[in-house]
Structure formats: structure tokens, C-alpha cells
Amino acid sequence: MAIYQINKGINRSIEFKGLKAQYIGYLGGGLVALLVLFAILYITGVPVYLCILVLAAAGGGLFYQVFQLSNRYGEHGLMKKTAKRYIPGYLKFSSRKLFLHLKR
């Protein structure tokens, strides 16, 4: 007798602590950018306490913005919003020939 394991939620998108889908990547990219910013500030001679203060403020803003986008637009909403900009306002045709040859 074989025992099969049931995998639930296979086609669902990933979620981590309330962040859905691409927002996890946005947060990861932002954190890498903050790490690079810290390195640049430290190498240029900015005091460590000031570096930490600047990065804490920027990191808090990053987390707030990403979670706000995730809650406002959801899993696919931000992609739909950016794709909507490329839809033309209207289409103009000089003849009806295109529509008369459509198959039913």
C-alpha cells in the first residue's frame, strides 16, 4: 500500500509576513541598496552613529512603503496599474473592412 503526500497550495503565490508576490523582491532589493548605502557612508568617513541613524530612517521608510503597496494593490494590482498606462485612449480606423472580415 502506497502513501501519497498531499501538497496544498501549490499554485498560490508566496507570502512572507503579509508581503505577497513581487513585494518580497522589492523589499530584498531595497535592503541590498541600504547595505550599499551604509558601505558608501562608512567609507567616506561619516560617523557610525549617524550612518545607523540614516539607515534606520531609510529602512523604516522602505518597510512602510513596501507594506503599504502590498496592502493597497495586492498580489497583481501594481502590475495591472503599470500595464494600464500602455493601453491607448482610443483606436481610430479609416474603414470597417477589418471588422467585416472577422469570423463568428
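Evaluation of the side-chain hydrogen bond (donor to acceptor under 3.5 Å, both in side chains) rule for Tyr42 yields no partner, not counting sequence neighbours. Evaluation of the side chain to side chain contact (heavy atoms under 4.5 Å, CB included) rule for Lys84 yields Ile87 as partners, not counting sequence neighbours. Considering only residues two or more places apart in sequence or on other chains, Gln68 meets the side-chain hydrogen bond (donor to acceptor under 3.5 Å, both in side chains) condition with none of them.
Atom NE2 of His101 and atom CZ of Arg96 lie 11.0 Å apart (nearest 0.5 Å).
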Distance-only check: which donor-acceptor pairs under 3.5 Å involve side-chain atoms of residues 43-62, not counting sequence neighbours?
residue, atom, partner, partner atom, Å
Thr44, OG1, Ile40, O, 3.0
Thr44, OG1, Leu41, O, 2.9

Can you list, pair by pair, the side-chain donor-acceptor contacts under 3.5 Å of residues 21-35, counting residues two or more places apart and other chains?
residue, atom, partner, partner atom, Å
Tyr23, OH, Gly74, O, 3.1

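Sequence neighbours left out, the pairs with a member in residues 56-93 that pass ring pair (Phe, Tyr, Trp, His ring centres under 6.0 Å) are Phe93-Phe99.
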